[in-house]
2 protein chains.
Amino acid sequence: MEVLTQAEENYLKAVFKITENDDKAASTNAIAAMMSTSAASVTDMLKRLAGKGLLHYEKHRGVVLSERGGELATNLVRKHRLWEVFLVKMLDFSWDKVHDIAEQLEHVQSDELVERLDGFLDRPQFDPHGDPIPDANGKMAMRKQILLSSLDPKDQAVLVGVQESTNTFLQYLDKLKLSLGTKLQVVERFEYDGSMKIVLIGGEEITLSHKVCENLFVQKTK
Amino acid sequence: MEVLTQAEENYLKAVFKITENDDKAASTNAIAAMMSTSAASVTDMLKRLAGKGLLHYEKHRGVVLSERGGELATNLVRKHRLWEVFLVKMLDFSWDKVHDIAEQLEHVQSDELVERLDGFLDRPQFDPHGDPIPDANGKMAMRKQILLSSLDPKDQAVLVGVQESTNTFLQYLDKLKLSLGTKLQVVERFEYDGSMKIVLIGGEEITLSHKVCENLFVQKTK
DNA sequence: TTTCATTTTTAGGCTTGCCTAAAAAACTGT
DNA sequence: ACAGTTTTTTAGGCAAGCCTAAAAATGAAA
Ligand SMILES: [Mn+2]
Ligand SMILES: [Mn+2]
Ligand SMILES: [Mn+2]
Ligand SMILES: [Mn+2]
């Protein structure tokens, strides 16, 4: 089992995230942007990771993870999300504080630690932001979730995830009393700017901008 | 609050451990031995740490931690031992498996994490090897413990700590059914080689070599 | 006090991971 | 097709943290 540096692991995870949705190769610039580093540094590292067989690199063509690289990246995501669950469930952190800490904890090397942590937490399927946690074999639960912005008036739904999980967005949701599991109903849609008026079941009526509605995943309940 | 690299933190901890018992300066060679590295690398790093004001360095004279260096080292020891408690108490690791993992976890940077972990674990005073855990102010509980080797026949005592915590020693103790909290009584001392016959209260009679007796801390109960 | 072994430091070199500036390649629009 | 723009790579350099070999300082013994 190859041992990677934290820098190598972070690059793998960046490539994984960029390529996981659309199946195009990850570009040097996209990786540089995600890692807040220079394109030159990225090219440097991509060559090294390609040399270790963790990704396929062709000059000017971007990169795709190899099978092994994908496994390693998936395991990192698993560790990251498990630690986030630990921090929120056991240590009572709020969901906007856990990412940076998990970013460090994910690099701790010990398969037994991950396995025991997973058991201790009761093998959670989703992290505090609603993202699926890969199991020990790399499989993750798929959930048929849609964007809040795609709902119509009268639709009822439950909030199951956030697309973006920046601190400011999460804190804004807290202020609105919106958290995972919150049930809501659409009252009205304003076509002019795409904003929506919704009512929290057993709570207040609030208006959300289009941007917010595009960043909330829900499941329809009616 | 200065941020140190893992390497810098490990050097600080090594100096701390070497100087904590006797109050002489830590020698380059002693540090090199503890860190399994070359004396040249140690000299290199000592200069850098001295430059950051974390220790006092005089050529050919060894080093002593500065006040700030001592605070940082103590906090590292605190984190290391808290994580060990977590691994044993919450994740059910055996006491011989936790050191290497804690060696990584201790470097995670987040004061809030340490504080919450401490609370979650109910502010433990001792780690799984019986070593005291410094509190948030760096104070640690002092315990009047003595070496098993200093007991006389008929003395009763309880095992509260181990001097050495190598894997092989800890596993040997497991095999003997000796763990922290075990009550015992001295049956006989063999002056010839310093070995001792003891009886575990409610258990068997065993004979321990002098080396083992010199590595076990006990408190007399009678 | 001088010699010799041990300890420590210096010198020089290597890898990793980053940087900026410049060159090269790839796209875009006309 | 070619000029201009954008993206990517190359070149050269730097700091951290390690190494080995050689030099210098220290301390113990004769
Ligand atoms: Mn990370
Ligand atoms: Mn998350
Ligand atoms: Mn460490
Ligand atoms: Mn310990």
Side-chain angles (χ1 to χ4, degrees), chain A residues 2-19 22 24-65 69 72-73 76 103-104 106-107 109, chain B residues 2-19 22 24-65 69 72-73 76 103-104 106-107 109:
Chain A
E2 57 276 74
V3 174
L4 303 184
T5 64
Q6 297 203 3
E8 289 171 328
E9 289 192 334
N10 286 333
Y11 275 96
L12 276 191
K13 220 177 48 162
V15 175
F16 181 83
K17 282 190 178 170
I18 292 168
T19 52
D22 43 55
K24 292 174 302 191
S27 76
T28 301
N29 264 2
I31 298 167
M34 178 158 296
M35 315 249 327
S36 308
T37 189
S38 71
S41 301
V42 172
T43 302
D44 231 42
M45 180 61 94
L46 293 182
K47 286 181 185 167
R48 258 177 284 153
L49 291 173
K52 295 190 177 192
L54 300 177
L55 47 78
H56 304 292
Y57 169 67
E58 271 184 293
K59 269 189 194 176
H60 298 104
R61 229 129 274 261
V63 290
V64 189
L65 292 180
L72 291 170
L76 271 171
E103 205 59 47
Q104 300 177 65
E106 72 189 0
H107 301 292
Q109 305 277 358
Chain B
E2 56 275 75
V3 172
L4 303 185
T5 64
Q6 297 203 4
E8 289 171 327
E9 290 191 334
N10 286 334
Y11 275 95
L12 277 191
K13 221 178 44 163
V15 175
F16 180 83
K17 282 189 179 171
I18 291 168
T19 51
D22 42 57
K24 291 173 304 191
S27 75
T28 302
N29 264 2
I31 298 167
M34 177 159 295
M35 315 249 329
S36 307
T37 189
S38 72
S41 301
V42 173
T43 300
D44 230 43
M45 180 61 95
L46 292 183
K47 285 181 187 170
R48 256 176 287 153
L49 291 174
K52 295 190 178 193
L54 301 176
L55 46 78
H56 303 291
Y57 169 67
E58 272 184 291
K59 271 190 192 175
H60 299 104
R61 227 126 277 256
V63 290
V64 189
L65 293 181
L72 291 170
L76 270 171
E103 205 59 46
Q104 300 177 64
E106 72 189 2
H107 301 291
Q109 306 277 358

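To find a chain, count down the sequence lines: A is the first, B the second, and so on, and within it residues start at 1. All of these numbers come straight from a predicted model, not from anything done at the bench. Scope of the values below: all heavy atoms of this structure, side chains included, with no hydrogens, waters or symmetry mates.
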Identify the 5'-most and 3'-most nucleotides of DNA chain D with at least one atom closer than 4.0 Å to a non-hydrogen atom of chain B.
->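 Counting from the 5' end, contacts occupy D/dA16 to D/dT26.
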Output yes when at least one side-chain N/O atom of [X] is less than 4.0 Å from OP1 or OP2 of [N], else no.
X: B/Asn29; N: C/dT6; answer: no
X: A/Ser41; N: C/dG17; answer: no
X: A/Ser38; N: C/dC18; answer: no
X: B/Tyr57; N: C/dT8; answer: no

Rounded distance (Å) that lies between atom [atom2] of [N] and atom [atom1] of [X]:
X: A/Asn10; N: C/dT16; atom1: CG; atom2: P; result: 17 Å
X: A/Met45; N: C/dT16; atom1: CE; atom2: P; result: 9 Å
X: B/Lys24; N: C/dT7; atom1: NZ; atom2: P; result: 13 Å
X: B/Asp44; N: C/dT15; atom1: CG; atom2: P; result: 17 Å
X: A/Leu4; N: C/dT15; atom1: CG; atom2: C1'; result: 16 Å
X: A/Leu46; N: C/dC18; atom1: CG; atom2: P; result: 12 Å
X: A/Arg61; N: C/dA25; atom1: CZ; atom2: C1'; result: 10 Å

Nearest nucleotide by nearest heavy atom, which residue falls closer to the 5' end of DNA chain D, B/Ala40 or B/His60?
->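 The answer here is B/Ala40.
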Between [X] and [Y], is any pair of side-chain heavy atoms under 4.5 Å apart?
X: A/Leu72; Y: A/Glu9; result: no
X: A/Glu8; Y: A/Leu12; result: no
X: B/Val63; Y: B/Tyr11; result: no
X: B/Ile31; Y: B/Leu46; result: yes
X: B/Leu4; Y: B/His107; result: no

Would you classify B/Ala39 as touching base, sugar-phosphate or nothing, given that sugar-phosphate means primed atoms plus P, OP1 and OP2, and contacts are heavy atoms under 4.0 Å?
->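 Base, at least one base heavy atom under 4.0 Å.
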Under 4.0 Å between any heavy atoms, over every strand shown, what does B/Thr28 touch: base, sugar-phosphate, or nothing? Just pick one.
->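 The residue B/Thr28 makes sugar-phosphate contact but no base contact.
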State whether the number of non-hydrogen atoms from other residues, nucleotides or ligands found under 6.0 Å of B/Glu2 atom CD is greater than 12.
->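 Yes, the 6.0 Å shell around CD holds more than 12 heavy atoms from other groups.
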Where do B/Ala25 and B/Arg61 come nearest, in terms of heavy atoms and distance?
->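 Nearest heavy atoms, B/Ala25 then B/Arg61: CB-O, 3.6 Å.
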Given DNA chain C, 5'-ward residue of the pair A/Met35 and A/Lys59, judged by closest heavy atom |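 Looking at the nearest nucleotide for each, A/Met35 comes out on the 5' side.
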